[in-house]
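Below, read A as the first sequence line, B as the second, and so on, with proteins coming before strands; counting in each chain starts at 1. All of these numbers come straight from a predicted model, not from anything done at the bench.
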Protein chains: 2
Amino acid sequence: MSPRSSTHADPELASALRIAVMRLARRLRAERVQTDLTLTQLSALACLERHGPLTPGELAAHEKVQPPSMTRVATVLAARGLVDRVPHPSDGRQVLLSVTAAARALLVEDRRRREAWLVEHLAALSADERAALLAAAPILDRLAGA
Amino acid sequence: MSPRSSTHADPELASALRIAVMRLARRLRAERVQTDLTLTQLSALACLERHGPLTPGELAAHEKVQPPSMTRVATVLAARGLVDRVPHPSDGRQVLLSVTAAARALLVEDRRRREAWLVEHLAALSADERAALLAAAPILDRLAGA
DNA sequence: TATTGTTATACTCTATAACTATA
DNA sequence: TATAGTTATAGAGTATAACAATA
């Protein structure tokens with residue numbers, strides 16, 4: 001590589017990286033667990049698990065949907081025993097949503113399936129290639145958090 | 001790293017990589033061009049551009065939707081001057097859909113915006129970090145194509 | 001008769017507006 | 001009066017079933 005390639009390569013790196021990341025994400029998304037939950041519902045569950053109990057309003061804000069939409073999602077999830085709704089301890093207007101044990105199991109299974117595909121295909125790479133991905137992963141994650 | 005890490009690390013690498021790729025993809029997706037086209041419509045256009053002229057049935061199969069759904073998408077895109085519908089040369093039942101120049105310009109702009117964000121944030125990385133991503137990109141792409 | 005595409009119709013998801021209950 | 005949540009209603013998007021045209 002030429003010395004100036006580090007500045008020079010940025011647009012090309014961006015292009016190559018964007019395409020590769022989007023393609024791989026699409027492939028991984030396709031491996032979702034076979035359940036009749038929608039992506040919206042799965043995403044809401046994952047958000048609740050990640051952040052702990054939230055009010056419907058907070059969850060709607062996290063998931064970038066309007067409160068009435070989240071009401072509907074929460075109703076479905078509650079009916080299937082995947083979320084609990086408990087009254088807020090100090091404010092009678094509010095409700096707290098939290099994931100049930102069944103939901104945790106479902107999320108674990110969802111992740112396991114997606115990773116199973118990836119583990120299988122990582123095994124086909126060389127040790128050097130895996131090392132390259134291992135080095136890249138935290139940088140990708142940092143980019144995503146920016 | 002220990003000598004056995006290359007086998008040992010696979011589940012952990014898979015987990016770290018999956019999370020990073022999905023997060024970054026979500027972030028990149030959020031940078032979509034401000035147009036009132038839906039993701040379905042944009043995706044159909046991109047598919048047509050990538051593969052060249054296709055019949056509605058072929059396009060529906062590529063995009064994993066049913067033919068009537070694609071009819072609807074194609075109708076909207078045709079009304080906006082983003083796709084052309086021409087009769088199939090040899091089979092009168094079929095139609096060929098293709099992107100117009102306006103659609104190509106729109107897709108170029110869409111990609112440019114997504115890359116703009118990435119270029120900006122890549123510039124904040126060190127040269128070593130960019131080199132690590134440059135090495136990883138083709139491997140990620142190969143994984144996605146598997 | 002089989003196939004391609006479209007039209008008819010229904011269901012899901014999400015949104016805005018109106019309503020209820022609590023602060 | 002302001003706020004949290006829900007209910008009422010409407011607009012996309014996609015699906016299945018039925019139809020029209022061509023092979």
Side-chain angles (χ1 to χ4, degrees), chain A residues 26 29-30 32-48 51-80 82-99 103 110, chain B residues 26 29-30 32-48 51-80 82-99 103 110:
Chain A
R26 193 177 315 136
R29 194 160 357 109
R32 78 168 172 281
V33 67
Q34 189 43 53
T35 173
D36 44 3
L37 290 184
T38 66
L39 282 178
T40 305
Q41 292 161 353
L42 267 178
S43 182
L45 279 185
C47 185
L48 270 186
H51 292 95
L54 297 173
T55 67
E58 288 168 339
L59 185 54
H62 271 293
E63 293 292 297
K64 301 286 204 306
V65 297
Q66 293 303 308
S69 303
M70 192 49 75
T71 291
R72 194 175 257 259
V73 171
T75 299
V76 172
L77 295 176
R80 310 183 118 216
L82 296 170
V83 305
D84 283 330
R85 311 166 101 134
V86 301
H88 193 284
S90 63
D91 186 338
R93 295 170 305 181
Q94 297 189 44
V95 183
L96 278 176
L97 303 174
S98 55
V99 294
D110 182 56
Chain B
R26 195 177 314 137
R29 195 159 357 107
R32 78 169 173 279
V33 68
Q34 191 44 54
T35 174
D36 43 2
L37 290 184
T38 66
L39 283 178
T40 305
Q41 292 162 354
L42 267 176
S43 182
L45 279 185
C47 185
L48 271 186
H51 293 95
L54 297 173
T55 67
E58 288 167 340
L59 185 53
H62 271 292
E63 292 292 297
K64 304 284 206 305
V65 296
Q66 294 303 308
S69 303
M70 191 50 75
T71 291
R72 195 175 256 257
V73 171
T75 299
V76 171
L77 294 175
R80 309 186 115 213
L82 296 170
V83 304
D84 284 329
R85 312 167 101 135
V86 302
H88 192 284
S90 62
D91 186 338
R93 296 171 303 181
Q94 296 188 44
V95 183
L96 277 176
L97 304 174
S98 55
V99 294
D110 182 57

Item to check | Nearest-Å distance for atom pair CG/P, residues A:Leu37 and C:dC13 | outcome: 10 Å
Item to check | Residues A:Leu96, A:Leu54; criterion side-chain contact (heavy atoms from CB on, under 4.5 Å); working and verdict | outcome: CA-CA 5 Å; A:Leu96 278 176; A:Leu54 297 173; 5.6 Å; no
Checklist entry - What are the two closest non-hydrogen atoms of A:Val73 and A:Ala44, and how far apart are they? => result CG1-CB, 4.1 Å
Checklist entry - Looking only at heavy atoms, what is the nearest atom pair of A:Pro53 and A:Ser98, with distance? => result CG-CB, 4.0 Å
Next on the checklist: What is the distance, to the nearest angstrom, from the CG atom on A:Leu96 to the P atom on D:dA4?
Outcome noted: 13 Å
Item to check | From CE (B:Met70) to CD (B:Glu58), nearest 0.5 Å | outcome: 11.5 Å
Item to check | Candidates B:Thr75, B:Thr55, B:Leu77 - the one meeting side chain to side chain contact (heavy atoms under 4.5 Å, CB included) with B:Arg85 | outcome: B:Thr75
Checklist entry - Between B:Leu59 and B:Leu97, is a side-chain contact (heavy atoms from CB on, under 4.5 Å) present by the stated rule, with each step listed? => result CA-CA 9 Å; B:Leu59 185 53; B:Leu97 304 174; 3.9 Å; yes
Tabulated below should be each protein N or O lying under 3.5 Å from an N or O of nucleotides 17-23 of chain D; please produce it.
{"from": "D:dA23", "atom 1": "OP1", "to": "B:Gly92", "atom 2": "N", "distance (Å)": "2.9"}

Item to check | Nucleotide C:dT3, atom P - distance to NE2 of B:His88 in whole Å | outcome: 16 Å
Checklist entry - Could you give the CG-to-P distance, from B:Leu39 to C:dC13, as a whole number of Å? => result 17 Å
Checklist entry - Is the shortest side-chain N/O distance from B:Thr75 to OP1 or OP2 of C:dT6 below 4.0 Å? => result no
Item to check | Terminal axes of the helix from C:dT1-D:dA23 to C:dA23-D:dT1 (five pairs each): angle between them, nearest 10 degrees | outcome: 10°
Item to check | Residues forming a side-chain hydrogen bond (donor to acceptor under 3.5 Å, both in side chains) with A:Ser43, sequence neighbours excluded | outcome: A:Glu63
Checklist entry - Within the pair A:Thr40 and C:dT14, is there a side-chain N or O less than 4.0 Å away from OP1 or OP2? => result yes
Item to check | A:Val99, A:Leu45, A:Val76 screened by side chain to side chain contact (heavy atoms under 4.5 Å, CB included) with A:Leu82, the one that passes | outcome: A:Leu45
Checklist entry - Counting only non-hydrogen atoms, which of residues 55-66 of chain A are less than 4.0 Å from DNA chain D? => result A:Thr55, A:Pro56, A:Gly57
Checklist outcome for this item: Of all heavy-atom pairs linking A:Cys47 and A:His62, the shortest is SG-CB, 3.6 Å
Next on the checklist: Please enumerate all residues that pass side-chain hydrogen bond (donor to acceptor under 3.5 Å, both in side chains) together with B:Asp91, with sequence neighbours excluded.
Outcome noted: B:Arg93, B:Gln94
Checklist entry - Rounded to whole angstrom units, what separation is found between the CD atom of A:Gln94 and the P atom of D:dT6? => result 11 Å
Next on the checklist: On DNA chain C, does the nearest nucleotide to A:Gln41 precede the nearest nucleotide to B:Pro67 from the 5' side, or the other way round? Give the residue.
Outcome noted: B:Pro67
Item to check | Short side-chain N/O contact from B:Arg72 to OP1 or OP2 of C:dG5, under 4.0 Å | outcome: no
Checklist entry - Within the structure, does a side-chain N or O atom of B:Ser69 lie under 4.0 Å from either OP1 or OP2 of D:dT14? => result no
Item to check | Test side-chain hydrogen bond (donor to acceptor under 3.5 Å, both in side chains) applied to B:Arg80 - qualifying residues, sequence neighbours left out | outcome: B:Asp36
Next on the checklist: For D:dG13 and B:Thr38 - does any side-chain N or O of the residue sit under 4.0 Å from the phosphate oxygens OP1/OP2?
Outcome noted: yes
